[in-house]
Amino acid sequence: INFVMLITKFNKYENYFKVQFNAINALIYRDLSLRIYKNKFGIMGVLLPELGIIFIFYILFKFFRNSDSDTFLIFIGIGYTYFNIFRAVIMNSSRALIQNENLFFYKEVKPIDTIISFSIVEGFLNFLVLFIIFLLSFIFQQYFQMSNYFMLFMGFFLILLLSCSFGIIVMILSKFFTFLPSFTPWLVRILFFTSAVLYPFSVLPQTVREYLFLNPVLQSIELSRKAFDNNYLLTNEISFILLLKISLLVLILSLTLYA
């Protein structure tokens with residue numbers, strides 16, 4: 001009898017995950033279709049604004065810093081795309097319950113599905129942006145030297161996981177604190193300047209680094225830069241184990257609050 005009950009329970013959970021998987025796939029297709037087909041330039045019309053911002057930062061900092069580093073374009077590209085994933089997911093999550101209200105009439109679609117699907121879409125689009133940056137760096141600078149493939153993969157994966165986990169938390173909090181959607185942009189702006197998006201963490205004074213090193217966005221950006229350039233200076237505060245622990249802690253917290 002216990003065996004039959006176990007099989008029944010397993011089939012129940014299997015069917016649940018199949019439904020959720022199909023719902024997430026449908027949401028991903030919907031989001032990508034809306035972005036691509038609403039733009040007359042298609043997928044390139046979606047990517048070009050982000051590429052344009054990266055090149056503006058690259059030109060400005062190249063001019064003011066007079067940097068001759070072959071990895072400088074990649075340095076800017078990693079910082080901007082990683083932060084852009086996190087920013088977009090958090091901003092979307094703060095309004096997810098309101099914006100997707102009509103979708104929740106379908107019992108197959110759960111609020112968490114909208115966060116997961118949006119995170120995947122943002123990750124995919126920013127991966128394409130980063131890939132183009134890598135390609136252009138190789139074509140024009142003849143530079144493409146990866147020092148740690150695993151670390152680059154994990155850095156990108158963990159920023160996606162963090163974005164999704166924090167997104168779930170923000171979505172839940174927005175249900176109880178109605179002012180959160182208006183307050184979120186200010187938090188994101190502060191995070192932009194404290195995540196080493198446009199500067200190396202090592203240039204900050206020790207007293208400042210002691211307060212900022214727990215920022216997981218900063219940790220993932222710095223580790224991914226190191227994965228591309230073995231000569232890139234990492235301070236003692238940057239640690240893959242620390243990033244992994246924070247990511248898992250935030251994931252567990254987000255699922256616990258959602259449950």
Side-chain angles (χ1 to χ4, degrees), residues 20 23-24 26-39 45-47 49-50 52-54 57 79-127 129 158-198 211-212 214-221 246-247 249-259:
Q20 188 176 22
I24 291 171
L27 289 170
I28 290 171
Y29 178 77
R30 170 182 171 270
D31 196 1
L32 274 175
S33 299
L34 285 173
R35 296 196 198 196
I36 294 171
Y37 294 127
K38 282 177 67 176
N39 196 304
V46 178
L47 302 180
E50 308 302 333
I53 293 172
I54 291 172
F57 281 133
Y80 179 80
T81 53
Y82 279 39
F83 179 79
N84 196 42
I85 293 171
F86 191 84
R87 177 200 61 79
V89 173
I90 296 301
M91 293 292 290
N92 177 75
S93 299
S94 67
R95 294 181 170 84
L97 293 176
I98 298 172
Q99 290 178 341
N100 300 303
E101 190 175 6
N102 293 334
L103 291 174
F104 301 143
F105 285 113
Y106 303 96
K107 63 179 182 179
E108 295 86 358
V109 180
K110 304 293 188 293
I112 195 172
D113 297 339
T114 61
I115 306 299
I116 295 172
S117 62
F118 188 86
S119 300
I120 292 172
V121 170
E122 280 299 320
F124 171 69
L125 293 175
N126 281 277
F127 170 79
V129 171
L158 289 177
I159 195 65
L160 271 180
L161 183 64
L162 283 162
S163 301
C164 187
S165 301
F166 274 113
I168 293 169
I169 294 172
V170 169
M171 178 187 68
I172 294 168
L173 292 177
S174 68
K175 182 178 180 180
F176 300 100
F177 304 101
T178 54
F179 64 87
L180 193 60
S182 301
F183 190 61
T184 305
W186 294 99
L187 292 176
V188 170
R189 289 189 186 100
I190 294 171
L191 192 64
F192 178 82
F193 292 106
T194 57
S195 296
V197 176
L198 302 175
Y211 293 99
L212 298 184
L214 288 174
N215 179 351
V217 179
L218 181 150
Q219 290 276 346
S220 62
I221 289 173
I246 294 174
S247 302
L249 181 64
V250 176
L251 175 63
I252 293 169
L253 177 62
S254 66
L255 295 178
T256 303
L257 289 174
Y258 183 81

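As a basis for the values below, the full set of heavy atoms in this structure was taken, side chains included, without hydrogen atoms, waters or symmetry mates.
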Going from CD1 on Ile90 to CZ on Phe83, what distance comes out if it is rounded to the nearest 0.5 angstrom?
10.0 Å
Kindly give the heavy-atom pair with the smallest separation between Leu218 and Leu212, and that separation in Å.
CD1-O, 4.2 Å
Are the side chains of Leu257 and Ile169 in touch, meaning some heavy atoms are under 4.5 Å apart?
yes
When rounded to the nearest 0.5 angstrom, what is the spacing between OG in Ser119 and CG in Asn92?
8.0 Å
Heavy-atom closest pair, residues Ser93 and Ser174:
O-OG, 4.2 Å
Test: salt bridge (charged side-chain N to carboxylate O under 4.0 Å, His left out). Region: residues 30-39. Which pairs qualify, not counting sequence neighbours?
Asp31-Arg35, Arg35-Glu122
Smallest heavy-atom separation, Ala88 atom then Phe118 atom, equals O-CE2, 3.3 Å
Quick one: CZ on Phe127 to CD1 on Ile85, what's the gap to the nearest 0.5 Å?
10.5 Å
For Ile221 and Ala196, which heavy atoms make the closest approach, and how far apart are they?
CG2-O, 3.9 Å
To the nearest 0.5 Å, atom CD1 of Ile115 lies from atom NZ of Lys110 at 15.0 Å
If a pair satisfies side chain to side chain donor-acceptor pair (under 3.5 Å) and one of its residues is in residues 79-91, list it, with sequence neighbours excluded.
Glu50-Tyr80, Glu50-Asn84, Tyr82-Ser224, Asn84-Arg87, Asn84-Asn126
To the nearest 0.5 Å, what is the distance between CZ (Phe166) and CG (Leu161)?
10.5 Å
In sequence, state the C-alpha distance, the side-chain angles, and the governing distance for Ile168 and Ile112, and then conclude on side chain to side chain contact (heavy atoms under 4.5 Å, CB included).
CA-CA 7 Å; Ile168 293 169; Ile112 195 172; 3.7 Å; yes
Closest heavy-atom pair, Val217 versus Asn215, reported as atoms and distance to 0.1 Å, is N-OD1, 3.0 Å
By side-chain hydrogen bond (donor to acceptor under 3.5 Å, both in side chains), which residues pair with Gln20, not counting sequence neighbours?
Asp113
Can you find a pair of side-chain heavy atoms, one from Leu97 and one from Phe104, that are under 4.5 Å apart?
yes
Using every non-hydrogen atom in the two residues, find where Ala23 and Glu108 come nearest and quote the distance to one decimal.
CB-O, 3.7 Å
Kindly compute the distance separating CG (Leu173) from OG1 (Thr178), expressed to the nearest 0.5 Å.
12.5 Å
Does atom OH of Tyr29 have more than 12 heavy-atom neighbours, drawn from other residues, nucleotides or ligands, at distances under 6.0 Å?
no
Apply the side chain to side chain contact (heavy atoms under 4.5 Å, CB included) test between Leu27 and each candidate in Val109, Val121, Ile116, Leu32; give the one that qualifies.
Val109
Is the backbone N or O of Thr114 less than 3.5 Å from a side-chain atom of Ser117, with the two atoms forming a donor-acceptor pair by type?
yes
Can Leu191 and Leu187 be said to form a side chain to side chain contact (heavy atoms under 4.5 Å, CB included), step by step?
CA-CA 6 Å; Leu191 192 64; Leu187 292 176; over 6 Å; no
